[in-house]
Amino acid sequence: MKNRRKKFVIAIDGPASSGKSTAAKLLAKKLKCIYIDSGSMYRAAALYLKENNIDLENETALNEILNKINIEILYNSEKEENVILLNGKEVSMKIRNSEITNYSSIIAKKRIIRERMVWLQRKIAENQSIIMDGRDIGTVVFPDADFKFFLTASINERAKRRFLEMKDKSASSRIDDISLKKIKEDLKWRDNTDSTREISPLKMANNAIQIDTTNLTIEEQVQEIIDIIKNEITL
Ligand code: DC
């Protein structure tokens with residue numbers, strides 16, 4: 001696949017805060033293609049379902065509601081990042097709070113929701129090269145992806161990253177050791193929920209390349225990926 005114009009798909013899976021989205025974003029910049037953080041789609045759906053008090057056990061209601069949820073991911077070239085729109089309204093920040101974070105893991109267990117998300121994700125990739133990160137991208141969404149990576153990192157490192165990310169984004173500095181402990185608990189809970197669910201659980205695809213990012217900077221992570229793909233995808 002020497003010719004850059006040939007369409008490619010790169011799947012990056014792994015547990016929460018393993019570096020997937022940051023790596024996907026930087027890689028997309030280097031490869032001049034789009035990246036989709038599929039977690040943001042589950043998060044946007046979770047926000048809608050929570051705000052509208054939808055009973056997850058009511059499949060009929062859920063089916064009807066899913067038809068009313070329009071999720072768009074647009075690239076903001078000024079900020080150099082994606083913005084998430086839920087029914088036309090930007091929700092990029094709102095979907096990052098811990099309540100929606102945990103709820104997204106709960107709603108992601110539902111088959112009907114996953115089917116809709118997978119359909120949307122494949123549609124986005126129909127006519128363009130793409131880097132997509134998530135939990136089931138290499139196993140379910142794009143089983144024939146050109147490259148599949150599975151990023152991992154120790155729980156302590158992941159908690160630290162999430163803590164710093166939240167601190168960075170938070171207007172207040174009232175984030176302390178207690179919240180670091182809570183972040184770690186939440187991550188463990190989410191790891192367990194995402195990897196033990198019945199449908200499309202988080203797991204490494206057989207032909208994925210695993211990268212332990214615990215002791216790697218983001219630049220090093222991206223470089224490792226580039227070293228692997230560079231013979232097939234021209235930068
Ligand atoms: O990547 P993230 O932390 O933003 O994802 C939020 C949740 O969405 C995650 O805990 C499980 C769900 N998810 C999923 O089930 N499948 C994906 N491909 C992406 C996310």
Side-chain angles (χ1 to χ4, degrees), residues 9-25 27-28 35-50 56 62 66 69 71 73 81-84 86 91-125 130-143 145 148-153 155 157-166 169 183-205 208 213 221:
V9 173
I10 300 177
I12 306 181
D13 288 302
S17 299
S18 55
K20 310 178 300 288
S21 296
T22 319
K25 183 173 151 182
L27 197 59
Y35 75 95
I36 297 289
D37 153 19
S38 66
S40 66
M41 300 166 75
Y42 287 91
R43 287 167 179 270
L47 178 67
Y48 186 93
L49 296 169
K50 176 126 259 160
L56 293 183
L62 210 50
L66 278 175
I69 305 183
I71 298 169
I73 303 186
E81 59 188 26
N82 286 342
V83 293
I84 321 300
L86 172 62
V91 292
S92 312
M93 289 297 280
K94 229 175 165 182
I95 57 173
R96 301 279 152 198
N97 72 40
S98 57
E99 188 188 20
I100 296 303
T101 299
N102 290 344
Y103 199 52
S104 62
S105 191
I106 291 176
I107 65 127
K109 291 198 264 185
K110 304 296 287 181
R111 181 183 300 280
I112 191 171
I113 294 175
R114 301 206 68 82
E115 281 173 358
R116 171 56 66 98
M117 296 300 150
V118 171
W119 176 81
L120 258 171
Q121 288 152 7
R122 289 185 181 148
K123 210 165 145 53
I124 297 171
I130 194 167
I131 301 170
M132 190 176 289
D133 78 86
R135 305 291 189 289
D136 61 340
I137 309 305
T139 50
V140 175
V141 184
F142 300 121
K148 298 180 187 180
F149 294 95
F150 194 82
L151 303 195
T152 56
I155 182 74
E157 177 61 25
R158 290 191 288 131
K160 198 176 94 194
R161 286 178 192 167
R162 181 129 178 86
F163 174 79
L164 293 175
E165 185 189 305
M166 286 171 78
K169 287 192 177 143
I183 286 171
K184 205 158 144 182
E185 277 166 15
D186 281 358
L187 277 178
K188 282 187 182 165
W189 176 83
R190 217 144 56 92
D191 283 355
N192 185 52
T193 311
D194 294 344
S195 54
T196 58
R197 70 177 171 232
E198 212 178 302
I199 310 147
S200 314
L202 162 69
K203 68 167 188 225
M204 186 165 108
T213 70
Q221 292 170 38

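Computation of the quantities below employed the complete heavy-atom set of this structure, encompassing side-chain atoms and omitting hydrogens, waters and symmetry-equivalent molecules. Whatever order the structure lists ligands and atoms in, that order sets their numbers, starting from 1.
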| Nearest-0.5 Å distance that lies between atom OH in Y103 and atom CG in L56 | 3.5 Å
| said: Check contact between M117 and ligand 1, using heavy atoms of the residue and a distance below 4.0 angstrom. | reply: no
| task | Pull out every atom of ligand 1 sitting under 4.0 Å from any heavy atom of R190, numbered as shown with elements. | result | 3 (O), 5 (O), 6 (C), 7 (C), 9 (C), 10 (O)
| field | Protein heavy atom at shortest distance from atom 5 (O) of ligand 1 | value | G39 CA, 3.5 Å
| remark: When distances are taken from atom 7 (C) of ligand 1, the protein heavy atom at minimum range is S104 OG, 3.3 Å
| field | Flag side-chain contact, heavy atom, 4.5 Å: I71 against L86 | value | yes
| For ligand 1, which part of K109 has a heavy atom less than 4.0 Å away: the side chain, the backbone, both, or neither? | neither
| query | Quick one: which ligand 1 atoms are inside 4.0 Å of a heavy atom on R43? | reply | 2 (P), 3 (O), 4 (O), 6 (C)
| query | Does R162 pair with D186 as a salt bridge, N-O distance under 4.0 Å? | reply | no
| message | I want to check something: taking the side chain as every heavy atom from C-beta on, are I100 and K94 in contact at a cut-off of under 4.5 Å? | response | no
| task | May I ask you to check if ligand 1 and D37 share an N or O to N or O distance below 3.5 Å? | result | no
| message | For a quick test of reading the model, state the closest non-hydrogen atom pair linking R161 to T213 and the distance between them. | response | NH2-O, 2.7 Å
| said: For atom 13 (N) of ligand 1, what is the closest protein heavy atom, and at what distance to 0.1 Å? | reply: Y42 CD1, 3.6 Å
| said: Using a plain distance cutoff, I'd like to know if R135 has any nitrogen or oxygen under 3.5 Å from a nitrogen or oxygen of ligand 1. | reply: yes
| request: Take T101 and R43, measure what side chain to side chain donor-acceptor pair (under 3.5 Å) needs, and give me the verdict at the end. | output: CA-CA 7 Å; T101 299; R43 287 167 179 270; 2.9 Å; yes
| query | Are there more than 12 heavy atoms of other residues, nucleotides or ligands under 6.0 Å from atom CZ of R122? | reply | yes
| query | Any idea which heavy atoms bring P201 and S195 closest together, and the distance? | reply | CB-O, 3.5 Å
| said: Distance check, rounded to the nearest 0.5 Å: I107 atom CD1 versus R114 atom CZ? | reply: 9.0 Å
| query | Any N or O of R114 that comes nearer than 3.5 Å to an N or O of ligand 1? | reply | yes
| note | atom 10 (O) of ligand 1: closest protein heavy atom, distance to 0.1 Å, is D194 OD2, 2.7 Å
| What's the shortest distance from atom 18 (N) of ligand 1 to any protein heavy atom, and which residue and atom give it? | D136 OD1, 2.8 Å
| field | Nearest candidate to atom 12 (C) of ligand 1, where distance is taken over non-hydrogen atoms, out of A108, S18, S40, S38 | value | A108
